[in-house]
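Structure, as structure tokens:
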Amino acid sequence: MRKIIKFKNKPKILSSASVVGKKENRGPLSKYFDIHDETDKFGQKTFEQAESEMQRLALNLALSKIKTPQKNIEAVFAGDLMNQCTGSSYGLASFGIPYFGLYGACSTAAEGLILSGMTVNSGIYEKVACLSSSHNSSAERQFRFPLEYGNQRPPTAQWTATAAAAFIIGKEDTEEFKSYACLAEALAGKIIDKGISDANNMGAAMAPAAADTILRFFSQNKHSPEDFDLIVTGDLGYEGHSICKEILADEGLKLGDNFNDCGKLIFDKETQDTHSGGSGCGCSASVTAGYIMEGFKNGIFRDVLLVGTGALMSPMSIQQGLSIAGIGHLIRISAVDKNEE
Amino acid sequence: MNKSNDEYKKYVERHAVPSPIVSNCVKAFLVGGTICCMGQVLFLLYKNVLEMSEINARALVSATLIFGAILLTGFDVFDDIAKFGGAGTLVPITGFANAVVAPALDTKAEGWILGVGAKLFTISGPVILYGTLASAVYGTVYYIVMLIMR
């Protein structure tokens, strides 16, 4: 049995920042996001460069929120959906921080938080940054059709969020700023392929992986789902989230209203025409950095499970008829003053 | 969790909200019909008012519809119409025009050669290839049938 990682030294989330596009800023979580751009281009020539710029802005803002210079950050864990993770590498090049490029598809934020937690908890690093991003237009171009191509999307299709987020994880609070949340536990996801090959139903492809991680988490400790204020999956969307809930119920794990999905939270289903909900690396990252961190600040949340979900595929693997494997990385975020195991 | 891949696939198919086929068909009929009616009106206009020959009028109708579709694609409107109209905009010549212009607009940033030049026909390329192939097959069959008929 793969063990749950327990962060004994409780690495703190010192700061977080989110940068989103126009549509996300019109969505229900608008007030929780820090920066947006009405053109989705963030002053850049192309959407790909805009995504890099979003990462740059997010890290800058996260650092300035706690008045920490970039030289104090010892490493950055970052990733995105674009070919060869160029969104992260171009966006973060100017900082001069040692960089680990990650690819966990849309689970990258959770993966980065787990790695940040591990390195800070073990004392290897004092302060690290973790970022991820996605841009609807860069993802459409890479994975689907040209932007102006006219086509219809099935109800199970999801909408890649234009969003980036940065987190600063550290061992100790800075002198001026007190953090509200820390990383408590983590459970890495397994690659699970249940044979779904429909790229317009990623939720269904990822749901078994999310369910597997959640089941492994609850089977290894005394917690019950009610102990958490929120158990949130990354981007299963309406379709995948309801499948995940059914799989868990079949396995005897009943989840209530505290079980939600970042892809469901970020857009308004009725008015924003996003079909099954949001997706993309930036979806769970920005919802966590904005909405969830604000919840910790206000005391609404004391204990949250984030299960970052990713669909491990490429346009080529889809064209070659291969099925889509999913992954679900779990990270438990707790209030800093919460004293229990 | 213990479902086999086949069982899971079937379960997912049952679970998925189906596309609204009836309303999509009605919308496609209305939008596609409107485009074709516009074509017919243009044809009558070119033939009777501008006093063009039938063959020229027909060619100009296609050119006008293509021009309109390209313009609407550039103005970021065509994809909205297509989202509503579905096959109604895809099947007429308007859909083809959009399928060529959309990649052209999209790949400008990658340059004229490797961007626009190489990617222009990513969507319409297969249609052109297999369309040409199908017409060659049709021509051959037609030729043989005509030989026999004589």
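Below, chain A is the first sequence line, B the second, and so on; all start at residue 1. Reckoned from all heavy atoms, side chains included, excluding hydrogens, waters and symmetry mates. In this text, all values refer to a predicted model and were calculated from it rather than measured experimentally.
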For I81(B), is it the side chain, the backbone, both or neither that has a heavy atom under 4.5 Å from a heavy atom of chain A?
neither
Within the supplied structure, the quantity of interest is the number of heavy atoms (other residues, nucleotides, ligands) at a distance under 6.0 Å from I21(B) CD1; does it exceed 12?
no
Checking side chain to side chain contact (heavy atoms under 4.5 Å, CB included) for the pair L147(A)/L105(B): CA distance, chi angles, key distance, verdict?
CA-CA 9 Å; L147(A) 299 172; L105(B) 287 172; over 6 Å; no
L248(A) versus chain B, the contacting section by heavy-atom distance below 4.5 Å
neither
Heavy atoms from other residues, nucleotides or ligands near CG of L50(B) exceed 12 (cutoff 6.0 Å):
yes
Max heavy-atom pair count under 4.5 Å with chain A, selected residue of G74(B), P20(B), A99(B), G85(B)
A99(B)
Produce the donor-acceptor pair table for chain A versus chain B, cut-off under 3.5 Å.
unit_1	atom_1	unit_2	atom_2	d
R141(A)	NH1	D106(B)	O	2.3
R141(A)	NH1	D106(B)	OD2	3.4
R141(A)	NH2	E110(B)	OE1	3.1
R141(A)	NH2	E110(B)	OE2	2.7
L147(A)	N	D106(B)	OD1	3.3
E148(A)	O	N98(B)	ND2	3.0
G150(A)	N	N98(B)	OD1	2.9
Q152(A)	NE2	K83(B)	O	3.0
K194(A)	NZ	M1(B)	O	3.1
K194(A)	NZ	K3(B)	O	2.6
A204(A)	O	Y8(B)	OH	2.5
E239(A)	OE2	H15(B)	ND1	2.9
E239(A)	OE2	A16(B)	N	3.3
S242(A)	OG	H15(B)	NE2	2.7
E246(A)	OE1	Y11(B)	OH	2.6
E246(A)	OE2	H15(B)	NE2	3.3
E251(A)	OE2	M1(B)	N	3.4
D273(A)	OD2	K83(B)	NZ	2.6

Leading residue by heavy atom contact count with chain A [cutoff under 4.5 Å; candidates P103(B), G95(B), A87(B), A109(B)]
P103(B)
Do you know which two heavy atoms are closest between M1(B) and A211(A), and how far apart they sit?
SD-CB, 4.2 Å
Looking at L215(A), I192(A), I196(A), which has the largest count of heavy-atom pairs under 4.5 Å with chain B?
I196(A)
